[in-house]
**Student:** 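Provided herewith is a single structure, encoded as structure tokens, for subsequent inquiry.
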Amino acid sequence: MASQERTARMEKIVALCKRRGFVFQDSEIYGGQNGFWDYGPLGVELKRNVRQAWWQDMVVANDPMLPDAEAPAGFSIVGIETAIVMHPQVWKVSGHYDLFADKMVDCREAKGRYRLDHMRGRWVTGTLTPKAPAEGAEPAPAVSGDWYVTTMLDGPEAADALVKRACKLLGVKSNETHKLQWNSEISTLASVALDKYSSVIGPDTTTPGTLTEPRDFNLMMETHTGALQTAENKAFLRPETAQGMFVNFKNVLDSSRVRVPFGIAQIGKSFRNEITPRNFTFRSREFEQMEMEFFCQPSESPKWYSYWRDRRMKWYASLGIKSENLLLREHDKSELAHYSVGTADIEYAFPFLDEGEYGELEGVAHRGDFDLRSHSEGKLDKNLNVELGPDGQPKYRGSGKDLSYFDDQTRERFIPHVIEPAAGCDRTTLAFLCEAYYEDEAPDDKGVMQTRVVLRLHPRLAPVKVAIFPLIKKDGQPEKALEIYKAFKDAGINAQYDAQAAIGKRYRRMDEIGTPWCITVDGDTMKDGTVTLRDRDTLEQVRIPASEVVDLIAKRLRV
RNA sequence: GCGGGUGUAACUCAGUUGGUAGAGUGACAGCUUCCCAAGCUGUAUGUCGAGGGUUCGAAUCCCUUCACCCGCUCCA
């Protein structure tokens, strides 16, 4: 359980988001929608800044002629923006169609949900041992018959588990397993007819008949292309942006003079019918991804994998995430997607999680040549062979296009391997907000300590970069302040002007939305042309010439 | 999807045994104010989450539903 302190902190962040216009519940006046969120005037600026920081680091900054000293070689990355509704075959070949359309059964008693084709079981004949009756209750009658005993384990473990469960359920001693009267081999629940479900004993219960009928849980959102809604024109909203890069691999290669190694990057919306949207914007049904597919020589791919994994970690740190809140977690072999040689998650210690727990911000995956080969040859199976249908033909055909690459330096032709850093834009934005939220104590004008809420956002992420105040509303101060304000606007720097209320209150308002600097025009400004520049984090003020403030702030924002 | 909790102004909350809603903060306007939530004056805001029912009368009782929080479950 998340500690009360962490939960309270998260609640304050959510309240601040709403109060100051960072994040609203979508369609709130109609009661809202689970898993959908809107960004308000400040939130949209923050999120734009997150996108921009990512794009700068991933696309703009890289050039083969200007290699990063840490990188195995120089490289370029180009951006694209692809359609949300892609050809339905893309999702069949990528595996999302099969994977996202699972039949599931629920257990009414154990409250569990299971994938139909993951539940294994075996028919056995015997008499169910009744449970010990509760005090004063009638003992349940023993029931004889055929029972389908189940487990969620796989392979040899499944066989062992089924023997153990059958012994327990039918009252057979564990050293007399030969007495078990099996009358089928191990199968999945998918092979069991619906009218036999009353004899099925779920994996986490001892009572037969507690499973619901199998139901579809299609995690891809569906739509139709064209006005008629027929099965033929059914289409899907993309569950990830990555496929846009793979299907455009050849287009990019042919049109942009890139050479391997290079990357294709995209920022865009994706959609998944998550079963349990939860934790504010962390798991949403409509969300934005920042993904990059890096294509390289297969033999060099391990080096590139390490490089991107480490570089992406540094990106979060460079924008203010403290190292103790950031975790790089390499997946175990068993966790790896079937096509992946290695995967690491970059995770953040969100306050809605328990102490010591982390939530995923980004996955950096070595995907081998799975994607390009799939789109060329057809959907691949676990062993990277083309998956065949019942007719012996590919289950889902690829494009048939040659997606290999010819290296004219080495005279080699190969299918590049892919390293994929895939980040969640909304999650990252939320992490920056959580990281930035502080409450500290500052004295008011009477010397009484007051709680101050401050968002210590990195200046590049802050929605408002600078605020300009006249100390008092007379003596020409508002006019002078407006002049400076306009200079910031003209320079393309997001500034705010505020002459309302006492100066202390104005500072606090800016602290709460993370504005890094406040500039105040006072009596001295009118005499010597200097203003005070107040720092959000240190509360220190320095006097500088009004004519230099725009350049100074612009310079600080570039660093 | 299951279990528990919550839903009243922008925010935090109060609202007595059913008798058509209040406080503080905030916002806005004015006065004042030469540096960290000051003071004074004034203004605006809610179909009490939504729908239905009981009742002469519902924020309050009943049903349905939606959303959020906590715990399960799930998370390619």
**Student:** With nearest nucleotides of RNA chain B determined for R285(A) and M526(A) from heavy-atom distances, which residue corresponds to the more 5′ nucleotide?
**Tutor:** M526(A)
**Student:** Mind calculating the distance between CD (E512(A)) and P (rC36(B)) to the nearest angstrom?
**Tutor:** 19 Å
**Student:** Given rA29(B), is OP1 or OP2 found less than 4.0 Å from the side-chain N or O atoms of Q500(A)?
**Tutor:** yes
**Student:** Only pairs at least two apart or in different chains count here, so list each salt bridge (charged side-chain N to carboxylate O under 4.0 Å, His left out) that has a residue in residues 27-42 of chain A.
**Tutor:** K18(A)-E28(A)
**Student:** Contact list please: residues 471-479 of chain A against RNA chain B, heavy atoms, distance less than 4.0 Å, in numerical order.
**Tutor:** L471(A), I472(A), K473(A), K474(A), D475(A), Q477(A)
**Student:** Whole angstrom is fine here: how far is it from CZ in R506(A) over to P in rU33(B)?
**Tutor:** 14 Å
**Student:** Is the NZ or CZ atom of R509(A) both under 6.0 Å from the centre of the six-membered ring of Y507(A) and within 45° of that ring's axis?
**Tutor:** no
**Student:** Using the P atom as the point on both nucleotides, what is the distance between rG39(B) and rU6(B), in whole Å?
**Tutor:** 36 Å
**Student:** Answer with base, sugar-phosphate or nothing: what part of the nucleic acid does F280(A) contact at a heavy-atom distance below 4.0 Å?
**Tutor:** sugar-phosphate
**Student:** Using every non-hydrogen atom in the two residues, find where R165(A) and I201(A) come nearest and quote the distance to one decimal.
**Tutor:** NH1-O, 4.0 Å
**Student:** Looking at R534(A) and rC36(B), is any side-chain donor or acceptor paired with a base atom of the opposite kind under 3.5 Å?
**Tutor:** yes
**Student:** Going by modelled atom types, is there a donor-acceptor pair between the base of rG26(B) and the side chain of R509(A) at under 3.5 Å?
**Tutor:** no
**Student:** Calculate, to the nearest 0.5 Å, the distance between atoms CZ and NE2 belonging to F370(A) and H375(A) respectively.
**Tutor:** 8.5 Å
**Student:** Under the 3.5 Å rule, do the base of rC66(B) and the side chain of Y30(A) count as making a donor-acceptor pair?
**Tutor:** no
**Student:** Please list all pairs meeting salt bridge (charged side-chain N to carboxylate O under 4.0 Å, His left out) that have one or both residues in residues 417-430 of chain A, counting only residues at least two apart or in different chains.
**Tutor:** K47(A)-D426(A), R367(A)-E420(A)
**Student:** If you write RNA chain B from 5' to 3' in dot-bracket form, with Watson-Crick or G-U pairs under 3.5 Å, [ ] for crossing pairs and | for pairs with another strand, what do you get?
**Tutor:** (((((((..((((.....[..)))).(((((.......))))).....(((((..]....))))))))))))....
**Student:** If I take atom CG in residue D528(A) and atom P in nucleotide rC34(B), what distance separates them, rounded to the nearest angstrom?
**Tutor:** 18 Å
**Student:** So if I take every side-chain heavy atom of R278(A) and compare against rC35(B), rC69(B), rA37(B), which nucleotide ends up nearest?
**Tutor:** rC69(B)
**Student:** To the nearest Å, give me how far apart CD (E11(A)) and C1' (rU12(B)) are.
**Tutor:** 12 Å
**Student:** Go through rA37(B), rC69(B), rG71(B) for me and flag the one nearest to the R508(A) side chain.
**Tutor:** rA37(B)
**Student:** Quiz question: by atom type and distance under 3.5 Å, do the side chains of T538(A) and D535(A) form a donor-acceptor pair?
**Tutor:** yes
**Student:** How close or far is atom C1' of rC36(B) from atom CZ of R452(A), stated in whole angstroms?
**Tutor:** 9 Å
**Student:** In terms of side-chain heavy atoms of R19(A), which of rC70(B), rC34(B), rA10(B) is nearest?
**Tutor:** rA10(B)
**Student:** Any chance the side chains of S301(A) and H366(A) put a donor and an acceptor closer than 3.5 Å?
**Tutor:** yes
**Student:** Classify the ring geometry between W91(A) and H96(A) as parallel (under 30°), tilted (30 to 60°) or perpendicular (over 60°).
**Tutor:** perpendicular
**Student:** Return a single string for nucleotides 45-51 of chain B, one symbol per nucleotide in 5' to 3' order, where B is base contact, S is sugar-phosphate-only contact and - is none, cutoff 4.0 angstrom on heavy atoms.
**Tutor:** -------
**Student:** Ignoring the backbone of Q541(A), work out which of rA10(B), rC35(B), rA37(B) is nearest its side chain.
**Tutor:** rC35(B)
**Student:** From C-beta outward on I503(A), which listed nucleotide comes closest to its side chain: rA10(B), rA27(B), rC35(B)?
**Tutor:** rC35(B)
**Student:** Looking at RNA chain B, which of residues 422-433 of chain A put a heavy atom within less than 4.0 Å of it?
**Tutor:** none
**Student:** For the pair W37(A) and F280(A), name the ring-plane relationship: parallel under 30°, tilted 30 to 60°, perpendicular over 60°.
**Tutor:** perpendicular
**Student:** Please give, in whole Å, the distance from rA37(B) P to R20(A) CZ?
**Tutor:** 16 Å
**Student:** In whole Å, I'd like the distance from the CG atom of D354(A) to the P atom of rC69(B).
**Tutor:** 15 Å
**Student:** Could you state the CD-C1' distance from E439(A) to rC11(B), rounded to the nearest angstrom?
**Tutor:** 14 Å
**Student:** List the steps and the verdict of ring-ring contact (aromatic ring centres under 6.0 Å, His included) for F352(A) and F282(A).
**Tutor:** CA-CA 10 Å; F352(A) 52 76; F282(A) 182 76; 5.5 Å; yes
**Student:** Can you measure from OH (Y437(A)) to CG (L455(A)) and round to the nearest 0.5 angstrom?
**Tutor:** 8.5 Å
**Student:** Quick one: sort the F350(A) and Y348(A) rings into parallel, tilted or perpendicular, breaks at 30° and 60°.
**Tutor:** perpendicular
**Student:** So N34(A), base contact, sugar-phosphate only, or nothing? Heavy-atom distance under 4.0 Å.
**Tutor:** sugar-phosphate
**Student:** If you draw the axis of the six-membered ring of Y396(A), does the NZ or CZ of K379(A) fall within 45° of it and under 6.0 Å from the ring centre?
**Tutor:** no
**Student:** Please give the distance between the C1' atoms of rA38(B) and rU33(B) as a whole number of Å.
**Tutor:** 9 Å
**Student:** From C-beta outward on L539(A), which listed nucleotide comes closest to its side chain: rC36(B), rC34(B), rA37(B)?
**Tutor:** rC36(B)
**Student:** K18(A) side chain N/O closer than 4.0 Å to the phosphate oxygens (OP1, OP2) of rC11(B)?
**Tutor:** yes
